[in-house]
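Bear in mind that the values here come from a model prediction, so they are computed numbers and not experimental data.
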Amino acid sequence: MIDNKEHETLTGTVERVVYQNEENGYAVVEIETEQGEPETVFGIMPMIGEGEQITVYGQYVNSPKYGRQFKAESYEKHLPKTEATIIKYLSSGSIKGIGPAMARKIVGKFGVETFDVIENNPEWLAEISGISESRAEKIGKDFREQNGLRSVMLFCGDFFSPSVSVRAFKRWGSSAVEIIRSNPYVLCEDDIGVSFEGADKAAAAIGLASDCKERLYAGILYVLSHNANQNGHTYLPEDKLIKATAAMLGVGEHKVEEALETLSKTGACVREKTDGRKCVYLKKYHDAETHVCSKLRTLEDKSIVIEEGNLRRAIDIAELEENIKYAPMQRKAIEQAVNSGIMVLTGGPGTGKTTVIRAVTRIVARIGLKYALAAPTGRAAKRMSEATSQEAKTIHRLLEVVYTSGEKQQFTKNRNNLLTEDYIIIDEASMIDILLMDALLDAIKPGAKLILIGDADQLPSVGAGNVLADIIASDTVNTVHLTEIFRQARESRIVTNAHMINNGEYPDLDNKSNDFFFLKRQSEEDTAETIVQLCKTRLPKKFGPEILDSLQVITPTRMSCCGVEALNIRLQSALNPPSPYKKEKKAHGVTFREGDKVMQIKNNYDITWEKNGAQGVGIYNGDIGKIIKVNNPAECLTIDFDDRITEYDFSLLDELEHAYAVTVHKSQGSEYKTVIIPSFRFSPRLLTRNLLYTAVTRAQKMVIMVGDAQTVNDMVDNNRHALRYTSLRQRLEDFR
């Protein structure tokens, strides 16, 4: 809550609403204070209207363009009490269906009791000429909604930001206060976005006991959800879940056991034995793994097979048309891809996976069947399009995702509205989490075929599950692993070093020619400074300034001198320093400046964008763009995400971070012409072979590693994979 003793206070009547954003509640208003002084106030003030009396807490700020203004940190609404101010309020359009003339009629009949009538007896409004019964009902509904939001803001103001109040009200309407008061932990749900710690503080302030059932239930669900989102687990062993929850909540394990028993009976979570061990799932992950297993087997069982001789002739024709001779394993991959209900094609860089895709699409088209190309991310889909010279979509776009403000994503394509394609070809399949895989399989028609293409040796998906690795490990699906590196690819030391790393061999760091370079440095500080100089002067001087458009620094960690956070500060200062010609905005300790390279760090399904005159919606976790305009008066940024132009209200800046440097995990599915990788002593948890392999394979033309050679070797030696609790492999094996 805003401490009123530490902030200035203004009380007055809203004379004019200068600007209002209905989506996030940001507004600029002119008020007349109790002392009769005019003031301009700006900030998050949802559903504010002319004629309203407000008390605002905040401080004065000076704008070079607009002069002295009052920045609202929080505020309270008070309904006007006199007939004159009630008429002004109703005339402002705050309540839809009432204009100035009608406002005077209503107040003329009901006087200072007008608001009581509108809220509690709106049908009385129909006594006034020009107001029908349906219109009266609508006026009452709109007014109650405004009062409901006001109540939510007043109730939540002690604990949460106004934006949380807006999201809660959109979710639960006028019942929000009652719902939150009875159980603040409902605010932890995804579409509200309050942390468990935040909800816990509110619950303690309200007076809920530390061992109350609401807190126990929420604690269990939080531990399961946190481990799914952060560690990729679709379930947790029951003993580990109970211990972790009890420790977090500071209660006895028997209390958690009792609460878990209730949650399993209500269906909120599922208890099941996996590999002979008692395990607990959030229901959505249990359902997803179960359905994925079932649908994969169905696809295989209902697959239609093309006669062997006809298929061989089709491959021969494809060779002639492509002017190529397929290697034996490529030919096998093409045959299995065309004839298997579900098939996995895996292999490292330069092994000809794209050649197989092109052959399959050519053959499928020749026999008159339809196919679709897709990938998990926009960047991966773009690469797939460039490699195959055919349209590729994101999986979300393929499934025709739709979003409604305040709601979770929904796919138009599903079991009730199936995809029409006969072949679904998915690239970068290692990035697919279990929920997305479930949605994809849900929309594939019986008899269609699914081809999953990916590099199983890269990092697993960011989301929960280990889908591609589990499918391959189950040995229940036709899988072709391409290993031969073709001549042109062998000329690239990026490719040869990547395969050496993947095979447990040390990469050649001494060769200073071609496309893979290692710059030895003695310390992390020297490493970081060298990376800055490479980006600022050395590479632009040698290859031209345009190299920066296709260059990416990729680092294993966020922390330390060579982590994402420190490198982004250094690189912003070097590549996009402050300038009187560049506007900027400071938010949550970060300065966003025109020209900055930024990344979206969470899925936002509500952001609209425009590309070449066409409109779309949704900016996703990992999307990288460039700030092209900072508009401080309008409180927004204009950002270009690969030609998708969108505006970000300042209230959304916590969803952005600089992207001069990104983590290896965030780089998955993307390729960059030039990649710079710091090599230094960071967390042992990150010193792994597959992380190094993933980083190196992000580069198309050039890799520059900077730092300590022994660290590179140590990563190659460490083939440890982070444990993920998933059950898809076991389910597929049991099904067989």
Side-chain angles (χ1 to χ4, degrees), residues 188-190 193 195-197 218-249 256 260 263 268-272 274-275 277-289 292 376 429-438 456-471 473 555-559 563-564 601-603 621-622 662-669 682-695 715 718-731:
C188 297
E189 296 183 15
D190 291 341
S195 67
F196 181 84
E197 293 80 2
I220 292 169
L221 297 176
Y222 169 77
V223 171
L224 287 171
S225 179
H226 176 79
N227 276 277
N229 294 331
Q230 299 299 318
N231 301 317
H233 303 315
T234 59
Y235 71 85
L236 287 179
E238 187 170 309
D239 56 338
K240 289 182 176 291
L241 171 63
I242 290 171
K243 282 183 171 61
T245 306
M248 182 184 77
L249 299 180
V256 178
L260 180 58
L263 284 175
C269 44
V270 178
R271 301 164 90 181
E272 186 177 88
T274 301
D275 282 335
R277 189 176 189 180
K278 288 183 180 179
C279 300
V280 183
Y281 300 74
L282 286 174
K283 185 177 185 301
K284 64 181 179 181
Y285 294 117
H286 179 270
D287 290 351
E289 286 196 321
V292 166
S430 63
M431 298 179 66
I432 302 177
D433 62 45
I434 192 65
L435 296 181
L436 185 57
M437 189 65 172
D438 184 27
D457 295 312
Q458 290 185 18
L459 294 171
S461 61
V462 174
N466 203 10
V467 176
L468 185 65
D470 279 353
I471 290 173
T555 178
T557 184
R558 297 191 63 84
M559 298 295 107
V564 163
I601 59 172
K602 63 181 290 189
N603 291 336
N621 188 1
V662 301
T663 63
V664 179
H665 286 82
K666 288 289 188 183
S667 73
Q668 283 180 269
F682 41 88
S683 169
R685 181 176 59 87
L686 298 172
L687 283 166
T688 64
R689 184 187 301 173
N690 67 340
L691 188 141
L692 177 62
Y693 175 70
T694 301
M715 294 179 77
N718 182 9
N719 199 28
R720 179 182 62 84
H721 293 259
L723 171 67
R724 284 197 172 193
Y725 291 118
T726 64
S727 63
L728 181 59
R729 173 183 177 177
Q730 185 69 47
R731 291 179 193 281

Asker: Arg689: what forms a salt bridge (charged side-chain N to carboxylate O under 4.0 Å, His left out) with it, not counting sequence neighbours?
Answerer: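 If we apply the salt bridge (charged side-chain N to carboxylate O under 4.0 Å, His left out) test to Arg689, skipping adjacent residues, there are no hits.
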
Asker: Are any of the side-chain heavy atoms of Met248 and Phe196 separated by less than 4.5 Å?
Answerer: yes

Asker: Output the distance between atom OG1 (Thr557) and atom NE2 (His665), rounded to the nearest 0.5 Å.
Answerer: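 Rounded to the nearest 0.5 Å, the OG1-NE2 separation comes out at 10.5 Å.
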
Asker: Could I get the full list of side-chain contact (heavy atoms from CB on, under 4.5 Å) partners for Lys240, not counting sequence neighbours?
Answerer: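 Only Pro237, Arg277, Tyr725 meet the side-chain contact (heavy atoms from CB on, under 4.5 Å) criterion with Lys240.
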
Asker: Under the side chain to side chain donor-acceptor pair (under 3.5 Å) rule, collect the residues that match up with Asp433, sequence neighbours excluded.
Answerer: none

Asker: Less than 4.5 Å apart, any side-chain heavy atom of Val292 and any of Leu728?
Answerer: yes

Asker: Any chance you could measure Met431, atom CE, to Leu436, atom CG, to the nearest 0.5 Å?
Answerer: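 The CG atom of Leu436 is 10.0 Å from CE of Met431, to the nearest 0.5 Å.
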
Asker: Which distance, rounded to the nearest 0.5 Å, do you find between the CG of Asn719 and the OH of Tyr693?
Answerer: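 Nearest 0.5 Å value for the CG-OH distance: 12.0 Å.
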
Asker: Which residue, Leu468, Asn466, Val467, forms the side chain to side chain contact (heavy atoms under 4.5 Å, CB included) with Pro460?
Answerer: Asn466

Asker: Give me the one residue out of Val280, Leu241, Leu263 that meets side chain to side chain contact (heavy atoms under 4.5 Å, CB included) with Arg271.
Answerer: Val280

Asker: Any idea which heavy atoms bring Arg720 and Thr688 closest together, and the distance?
Answerer: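 Between these two residues, the closest heavy atoms are O-CG2, 3.7 Å.
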
Asker: Between Val462 and Arg724, what is the shortest heavy-atom contact and its length?
Answerer: O-NH2, 4.2 Å

Asker: Partners of Arg558 by salt bridge (charged side-chain N to carboxylate O under 4.0 Å, His left out), sequence neighbours excluded?
Answerer: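 Partners of Arg558 under the salt bridge (charged side-chain N to carboxylate O under 4.0 Å, His left out) test: Glu565, Glu657.
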
Asker: With sequence neighbours excluded, tell me which residues meet ring-ring contact (aromatic ring centres under 6.0 Å, His included) with His286.
Answerer: Tyr281

Asker: Can you name the salt bridge (charged side-chain N to carboxylate O under 4.0 Å, His left out) partners of Lys283, sequence neighbours left out?
Answerer: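 For Lys283 the salt bridge (charged side-chain N to carboxylate O under 4.0 Å, His left out) partners, ignoring immediate neighbours, are Asp287.
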
Asker: Do any N or O atoms from the side chain of Gln458 and from the backbone of Asn690 form a donor-acceptor pair under 3.5 angstrom?
Answerer: no

Asker: Before giving the answer on side chain to side chain contact (heavy atoms under 4.5 Å, CB included), spell out for Asp239 and Lys278 the whole-Å C-alpha distance, their side-chain angles and the decisive distance to 0.1 Å.
Answerer: CA-CA 8 Å; Asp239 56 338; Lys278 288 183 180 179; over 6 Å; no

Asker: When rounded to the nearest 0.5 angstrom, what is the spacing between CD1 in Ile242 and CD1 in Ile220?
Answerer: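 Reported value, rounded in 0.5 Å steps: 8.0 Å.
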
Asker: Which heavy atom of Asn227 sits nearest to which heavy atom of Leu236, and what is that distance?
Answerer: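 In terms of heavy atoms, the two residues are closest at ND2-CD1, 3.7 Å.
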
Asker: Would you find a donor on one side and an acceptor on the other, under 3.5 Å apart, between the side chain of Asp438 and the backbone of Ile434?
Answerer: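 Answer holds: no.
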
Asker: Would you name the heavy atoms of Pro556 and Leu691 that are closest together and state the gap between them?
Answerer: CB-CD2, 3.7 Å

Asker: Between Asp470 and Thr726, is any side-chain donor less than 3.5 angstrom from a side-chain acceptor?
Answerer: yes

Asker: Got Met437 and Ile471 here, is their nearest side-chain heavy-atom distance under 4.5 Å?
Answerer: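 When only atoms from C-beta onward are counted, Ile471 and Met437 do touch, with a gap below 4.5 Å.
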
Asker: Using the rule given for side chain to side chain contact (heavy atoms under 4.5 Å, CB included), can you reason through Tyr285 versus Leu435, listing the C-alpha separation, both sets of side-chain angles and the distance that settles it, and then say yes or no?
Answerer: CA-CA 7 Å; Tyr285 294 117; Leu435 296 181; 3.7 Å; yes

Asker: Are the side chain of Ser225 and the backbone N or O of Tyr222 linked by a donor-acceptor pair below 3.5 Å?
Answerer: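 Flag not set: sc Ser225 to bb Tyr222 has no pair under 3.5 Å.
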
Asker: Please answer whether the main-chain N or O of Gln730 pairs with a side-chain N or O of Ser727 as donor and acceptor at a distance below 3.5 Å.
Answerer: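 Looks like no, no N/O pair under 3.5 Å.
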
Asker: Under 4.5 Å between any side-chain heavy atoms of Lys243 and Thr245, yes or no?
Answerer: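 Lys243 does not reach Thr245 side chain to side chain.
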
Asker: Can you tell whether the side chains of Arg729 and Glu289 come within less than 4.0 Å, N to carboxylate O?
Answerer: no

Asker: Please report the shortest heavy-atom distance between Cys188 and Ser195, naming the atom on each side.
Answerer: SG-O, 3.8 Å

